[in-house]
There are 2 protein chains.
Amino acid sequence: MAYGYKIGSIPLTTVQRFASYLPALRDMQRQGRSVVSSASLAEMLRLEAIQVRKDFGYLGITGRPKTGFQVDDLIGAMEHGLSWNRVSDAILVGTGHLGTALLNYRGFGYHGLAIKAAFDIAPDRVGALINGVQVQHLDEMKPFMDAKMAILTVSPESAQEVALRLVRAGITGIWNFTGRTLLLPEPIVVQDQDIAIGLAVLSAKLTARAREAIEAESKPPA
Amino acid sequence: MAYGYKIGSIPLTTVQRFASYLPALRDMQRQGRSVVSSASLAEMLRLEAIQVRKDFGYLGITGRPKTGFQVDDLIGAMEHGLSWNRVSDAILVGTGHLGTALLNYRGFGYHGLAIKAAFDIAPDRVGALINGVQVQHLDEMKPFMDAKMAILTVSPESAQEVALRLVRAGITGIWNFTGRTLLLPEPIVVQDQDIAIGLAVLSAKLTARAREAIEAESKPPA
DNA sequence: ACAGTATCGATACCTTTTTATCGATACCAT
DNA sequence: ATGGTATCGATAAAAAGGTATCGATACTGT
Ligand SMILES: NC(=O)c1ccc[n+]([C@@H]2O[C@H](COP(=O)([O-])OP(=O)(O)OC[C@H]3O[C@@H](n4cnc5c(N)ncnc54)[C@H](O)[C@@H]3O)[C@@H](O)[C@H]2O)c1
Ligand SMILES: NC(=O)c1ccc[n+]([C@@H]2O[C@H](COP(=O)([O-])OP(=O)(O)OC[C@H]3O[C@@H](n4cnc5c(N)ncnc54)[C@H](O)[C@@H]3O)[C@@H](O)[C@H]2O)c1
């Protein structure tokens, strides 16, 4: 009924890989390398060359036989597609351990993200200065703020409630680190960033591998 | 050639959803609710009921018509499948902003994860005490440690080098937060936890939505 | 200039995952 | 007891994404 995969006309998985290509391409750019083949990029990222080419096809970037793709073109097209070439303002709610780490993260410059304000409700958090941003009380959050994106790092129990307040304040995109599913009116874009999911995959793979090892042991080697 | 999706016989996406079902199910358990239908769980998690049922099918858990599934059974089966029902030791390397946040995270108890040791190389980090764990110099890392999983939160430039050291020290699973692709010998399980990927999806969706809005404006409303 | 070759890109194919359909089952009310 | 119905689960269809094939193209070296 919903098939909510593609973003515009680009597969979700392709968009995800864009974020992986970018640091590798930026490294090359820094090293003065101007062209790259799908095969060599694939090797660096443990992908298949054909997949890399197909991804680039979605960008409308076309390579040249025998040489490859222009590094600058690729970076430009990806950054443009993600709007990472210009700065977007964001706010952050929940300045605990994780929120503080994100406020201190230097890498968001590469992603066109600027955290302009931070909010909390704990008396010992409000007023704190974190990497140049002063923590305000959540009640100070006003719809006039022109940030459209919010980073949600409050405790899981508060997640739903705070998210609703964000929507009322005019936020249209929420980057949700709380691991709870937010139930919000349709037009809001929610991106769940649940690290438990990554841990689950890792755990499952390790568990599966351990099981295989035991099975292999019970059978004598061929 | 590779199609690396399934973990054992379970689709990767299903394993990922297990991590999302769990907190919701634990909430129910806490509230004394013992049965849940696929439809109600789907609604909470913004999924389709049939997908929930199919996921549970992989666990071998079978529901009862007209009532639903036993909450306890589901939790037990998922935790068992992920080995989250017993504690695994892990080490963490890179005690900067993010590493510190993870060391302070209380939620890992639910995931059967115990961070037993932390390492860094910066003189002002070594010796620090973070949530009961004393930061050691990376050179102190010894193969005798029985942790099999490592959390990698060093700076991106050191990622590859440190990962190789981890492998030499007997680590078989790496939870990689650095955003860099690690090139390691085959049997090592690497789980990339690149938040830039989540941000890319959010950015792309917001950008696509903005584009749609502009297009809708240029056309007069029907 | 020309042969040889690395690399791209269009097309077709295959695998995996999601969704629809529908009969079977167990609970509930009468 | 019986009929009504919510819910499950098997099967099949649809959709999405990944991979193989192969002709076309542009660079390299002679
Ligand atoms: N720390 C981690 O490494 C980590 C890892 C995975 C997930 N998470 C998730 O990230 C979120 C934050 O984790 P944390 O470790 O930083 O927790 P934390 O307890 O350190 O921080 C939570 C912060 O949110 C604030 N808060 C709570 N309710 C609020 C409300 N209604 N309005 C405004 N602020 C409110 C608290 O005052 C606190 O400062 C949690 O949802 C957690 O599950 C954290
Ligand atoms: N802070 C965030 O919110 C955030 C967000 C996204 C990604 N990341 C990624 O997580 C990683 C850590 O980020 P951070 O913000 O904590 O950075 P940070 O600079 O605060 O911490 C990095 C830590 O790694 C240590 N380190 C560096 N090289 C090392 C080595 N060879 N051996 C041992 N320790 C070493 C440093 O001493 C430092 O303590 C980075 O790869 C970053 O890209 C962080």
Side-chain angles (χ1 to χ4, degrees), chain A residues 1-21 28 33-71 73-74 77 197 200-201 204-205 208, chain B residues 1-21 28 33-71 73-74 77 197 200-201 204-205 208:
Chain A
M1 198 219 272
Y3 295 122
Y5 303 107
K6 292 219 172 65
I7 301 174
S9 58
I10 303 182
L12 177 62
T13 47
T14 293
V15 171
Q16 298 185 147
R17 281 190 294 271
F18 287 165
S20 308
Y21 294 135
M28 288 176 198
R33 202 168 151 185
S34 65
V35 240
V36 66
S37 73
S38 60
S40 64
L41 199 51
E43 201 184 349
M44 279 183 241
L45 297 173
R46 296 184 149 277
L47 300 170
E48 299 289 326
I50 190 170
Q51 189 169 54
V52 173
R53 285 203 299 274
K54 205 162 198 193
D55 285 344
F56 292 173
Y58 287 108
L59 290 171
I61 298 290
T62 162
R64 313 183 67 178
K66 189 83 188 211
T67 36
F69 297 81
Q70 289 295 121
V71 173
D73 291 357
L74 292 172
I197 290 177
V201 174
K205 284 184 180 166
Chain B
M1 201 222 271
Y3 293 119
Y5 301 109
K6 292 216 171 70
I7 300 174
S9 57
I10 303 182
L12 176 62
T13 48
T14 293
V15 171
Q16 298 185 146
R17 279 189 295 271
F18 286 164
S20 310
Y21 295 135
M28 289 177 197
R33 204 169 150 185
S34 65
V35 237
V36 65
S37 72
S38 60
S40 64
L41 197 53
E43 201 183 350
M44 280 183 240
L45 297 173
R46 297 183 150 276
L47 300 171
E48 299 290 327
I50 190 171
Q51 189 168 55
V52 173
R53 283 203 301 274
K54 203 154 205 202
D55 285 344
F56 292 174
Y58 288 109
L59 291 171
I61 298 290
T62 162
R64 312 184 68 177
K66 188 83 186 213
T67 37
F69 298 82
Q70 290 296 119
V71 172
D73 291 356
L74 292 171
I197 290 177
V201 174
K205 283 183 179 164

Point to revise | Between P of D:dG17 and CD1 of A:Ile10, the distance in whole Å | key: 11 Å

Review point. Would you say A:Arg64 reaches D:dC27's phosphate, i.e. side-chain N/O to OP1/OP2 under 4.0 Å?
Key: yes

Point to revise | B:Ser38: which of B:Arg53, B:Lys54, B:Glu43 passes side-chain hydrogen bond (donor to acceptor under 3.5 Å, both in side chains) | key: B:Arg53

Exercise for review: Quickly work out the B:Ile61 CD1 to D:dT7 C1' distance and round it to whole Å.
Suggested key: 17 Å

Practice item. Mind calculating the distance between NZ (A:Lys6) and C1' (C:dT18) to the nearest angstrom? Key: 13 Å

Review point. Which atom pair, heavy atoms only, marks the closest approach of B:Val36 to B:Arg33?
Key: CG2-NH2, 3.9 Å

Check your understanding: Nearest-Å distance, OH (B:Tyr5) to C1' (D:dA15)?
Key -> 13 Å

Review point. Phosphate oxygens OP1/OP2 of D:dC8: is one of them under 4.0 Å from a side-chain N or O of B:Ser38?
Key: yes

Point to revise | Contact nearer the 5' end of DNA chain C, comparing A:Gly63 with B:Thr14 | key: A:Gly63

Review point. Contact class for A:Lys54 vs. all strands (heavy atom < 4.0 Å): base, sugar-phosphate, or nothing?
Key: base

Exercise for review: Over all heavy atoms of both residues, which pair between B:Tyr21 and B:Val52 is shortest? Give the atoms and the distance, please.
Suggested key: OH-CA, 3.5 Å

**Study point:** From C:dC8, C:dT19, C:dT16, nucleotide with atom closest to B:Glu48 side chain
**Key:** C:dT19

Study note, to complete from the structure: Note: A:Val35 and A:Val71 closest approach over all heavy atoms is N-CG2, 3.9 Å

Study note, to complete from the structure: Quick note, B:Ile50 side chain, CB onward, closest among C:dT17, C:dC8, C:dA20 is C:dA20

Exercise for review: Using whole Å, report how far CZ of B:Arg46 lies from C1' of C:dT18.
Suggested key: 18 Å

Practice item. Describe the nucleic acid contact of A:Thr62 in one word from base, sugar-phosphate, nothing, applying a heavy-atom distance below 4.0 Å. Key: sugar-phosphate

Practice item. For A:Phe56 and C:dC8, give me the distance from atom CZ to atom C1', rounded to whole Å. Key: 12 Å

Review point. Any idea which of D:dG17, C:dT17, D:dT7 is nearest the B:Pro65 side chain?
Key: D:dT7

Check your understanding: To the nearest angstrom, how far is B:Phe69 atom CZ from C:dT25 atom P?
Key -> 16 Å

**Study point:** Nearest non-hydrogen partners of B:Leu12 and B:Tyr5, listed with the distance
**Key:** CB-O, 3.2 Å

Exercise for review: Determine: side-chain N/O of A:Lys66 to OP1/OP2 of C:dG4, distance under 4.0 Å, yes or no.
Suggested key: no

Exercise for review: Answer with base, sugar-phosphate or nothing: what part of the nucleic acid does A:Arg53 contact at a heavy-atom distance below 4.0 Å?
Suggested key: base

Review point. How close or far is atom P of C:dT15 from atom CG of B:Leu12, stated in whole angstroms?
Key: 19 Å

Exercise for review: Examine D:dG18: is either OP1 or OP2 under 4.0 Å from a nitrogen or oxygen in the side chain of A:Thr13? Give yes or no.
Suggested key: yes

Practice item. Work out which heavy atom in A:Glu48 is nearest to a heavy atom in A:Ala42; give both atom names and the distance. Key: C-CB, 3.7 Å

Review point. When you match A:Asp55 and B:Gly68 each to their closest nucleotide on DNA chain D, which lands nearer the 5' end?
Key: B:Gly68

Point to revise | Any A:Thr67 side-chain N or O less than 4.0 Å from OP1/OP2 of C:dT7 | key: no

